[in-house]
Amino acid sequence: MSTRGVETDEQQRIRFQVELEFVQCFANPNYLHFLAQRGYFKDPSFVNYIKYLQYWKEPAYAKYLKYPMCLHFLDLLQYEHFRKEIVNGQCARFIDDQQILHWQHYTRKRVRLLQSQAEKHMMAIQNEPTPQKSV
């Protein structure tokens, strides 16, 4: 911060990048487990910081997220019960496994959707009447 307590444009840009990277780390249950093991979720200042980060859920900020799953975990981190449970390695592994299953299902579903659209497009092209040459 500058001497008057106002961030410069450069400081705002850096804070944006740091907070963007940090909030996206929440998409990784193993990272959440790491933070929980080290007691970060017991620190009221850290819990308040997590509450502050909820601004990332606003569309103006969410559009920059590469891993939108982090927003779901950001919501879960608002609950003390979740913060206490994620310290358990089995809990973190279970969430990680479920996340992988979700991605696999989404990928298969997406591939099927794209294939059916491609097939419909090909059928439409094949069924188009060919233009007749005038004599």
Side-chain angles (χ1 to χ4, degrees):
M1 293 207 173
S2 68
T3 56
R4 294 191 309 223
V6 178
E7 287 182 324
T8 65
D9 288 344
E10 178 66 12
Q11 289 169 325
Q12 288 177 355
R13 187 184 63 75
I14 291 170
R15 182 169 56 86
F16 176 85
Q17 289 176 338
V18 168
E19 290 177 356
L20 171 63
E21 184 176 331
F22 182 63
V23 81
Q24 290 191 106
C25 288
F26 292 164
N28 182 345
N30 295 306
Y31 181 66
L32 298 178
H33 175 65
F34 169 85
L35 293 174
Q37 280 186 317
R38 279 144 187 85
Y40 284 94
F41 297 143
K42 293 177 182 175
D43 179 356
S45 296
F46 192 79
V47 172
N48 284 335
Y49 182 61
I50 291 170
K51 287 178 187 171
Y52 156 77
L53 290 174
Q54 287 189 302
Y55 75 86
W56 284 98
K57 293 167 46 178
E58 296 174 21
Y61 294 96
K63 68 182 180 182
Y64 295 103
L65 296 171
K66 186 174 181 180
Y67 306 104
M69 181 72 76
C70 69
L71 296 178
H72 179 67
F73 289 109
L74 181 60
D75 283 339
L76 289 174
L77 286 169
Q78 304 308 312
Y79 298 99
E80 184 179 4
H81 180 74
F82 179 77
R83 294 192 305 265
K84 287 181 178 178
E85 287 298 319
I86 197 68
V87 77
N88 180 337
Q90 284 182 309
C91 177
R93 279 190 297 280
F94 176 77
I95 293 170
D96 192 42
D97 290 344
Q98 294 303 304
Q99 197 173 33
I100 290 169
L101 290 171
H102 171 76
W103 288 336
Q104 288 172 341
H105 173 73
Y106 172 81
T107 301
R108 283 193 298 270
K109 188 175 176 181
R110 182 83 176 142
V111 166
R112 283 194 303 267
L113 177 66
L114 291 173
Q115 285 174 339
S116 82
Q117 287 178 344
E119 289 169 5
K120 286 178 186 176
H121 182 69
M122 291 303 291
M123 293 292 282
I125 290 173
Q126 291 172 353
N127 292 335
E128 283 183 5
T130 54
Q132 300 290 330
K133 288 186 180 180
S134 57
V135 182

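Computed from a predicted model, the values in this text were never measured in an experiment. Heavy atoms only: backbone and side chains are in, while hydrogens, waters and symmetry mates are out.
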Enumerate donor-acceptor pairs with a distance under 3.5 Å from any side-chain N or O in residues 54-66 to protein atoms, sequence neighbours excluded.
{"unit_1": "Tyr55", "atom_1": "OH", "unit_2": "Glu19", "atom_2": "OE1", "d": "2.3"}
{"unit_1": "Lys57", "atom_1": "NZ", "unit_2": "Asp75", "atom_2": "OD1", "d": "2.6"}

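The CG atom of Asn30 sits 12.0 Å away from the SG atom of Cys25 when rounded to the nearest 0.5 Å. Summarising the geometry, atom CG belonging to Asp9 is positioned 11.0 Å from atom CD1 belonging to Ile14; distances are rounded to the nearest 0.5 Å. In this structure, the separation between CG on Asn48 and CG on Leu53 is 11.0 Å, given to the nearest 0.5 Å. Between atom CD1 of residue Ile95 and atom CG of residue Asn88 there is a gap of 9.5 Å, rounded to the nearest 0.5 Å. Residue Gln126 holds its CD atom at 10.5 Å from CD of Glu119, rounded to the nearest 0.5 Å. Note: Gln24 CD to Glu21 CD = 8.0 Å, rounded to the nearest 0.5 Å.
Between the side chain of Gln11 and the backbone N or O of Thr8 there is at least one donor-acceptor pair closer than 3.5 Å.
Of all the heavy atoms in Ala92 and Pro29, the pair that sits closest is O-CB, 3.7 Å. In terms of heavy atoms, Leu74 sits closest to Phe26 at CD1-CE1, 3.8 Å.
There is a side-chain donor-acceptor pair under 3.5 Å between Arg13 and Gln17.
No side-chain heavy atom of Tyr67 sits under 4.5 Å from any side-chain heavy atom of Asn28. Inter-residue side-chain proximity for Ile86 and Phe73 is flagged as unmet; no heavy-atom pair is nearer than 4.5 Å.
In the hydrophobic clustering of ILVMFWY residues, with side-chain heavy atoms under 4.5 Å counting as a link, Leu32 and Met69 come out together. When the side chains of ILVMFWY residues are joined at heavy-atom separations under 4.5 Å, either directly or via intervening members, Tyr52 and Phe22 end up in a single hydrophobic cluster. Under the 4.5 Å side-chain heavy-atom criterion for grouping Ile, Leu, Val, Met, Phe, Trp and Tyr, Leu71 is not connected to Val47 through any hydrophobic cluster.
Within a 6.0 Å sphere centred on OH of Tyr79, other residues, nucleotides and ligands contribute 12 heavy atoms or fewer. With a 6.0 Å radius and a threshold of 12 heavy atoms from other residues, nucleotides or ligands, Gln117 has its CD atom above the threshold.
Identified under the side chain to side chain donor-acceptor pair (under 3.5 Å) test for residues 31-47, with sequence neighbours left out: His33-Gln37. A salt bridge (charged side-chain N to carboxylate O under 4.0 Å, His left out) check over residues 77-92, counting only residues at least two apart or in different chains, returns the pairs Glu80-Lys84.
Taking the six-membered ring for Trp and thresholds of 30 and 60 degrees, Phe41 and Phe46 have ring planes inclined between 30 and 60 degrees apart.
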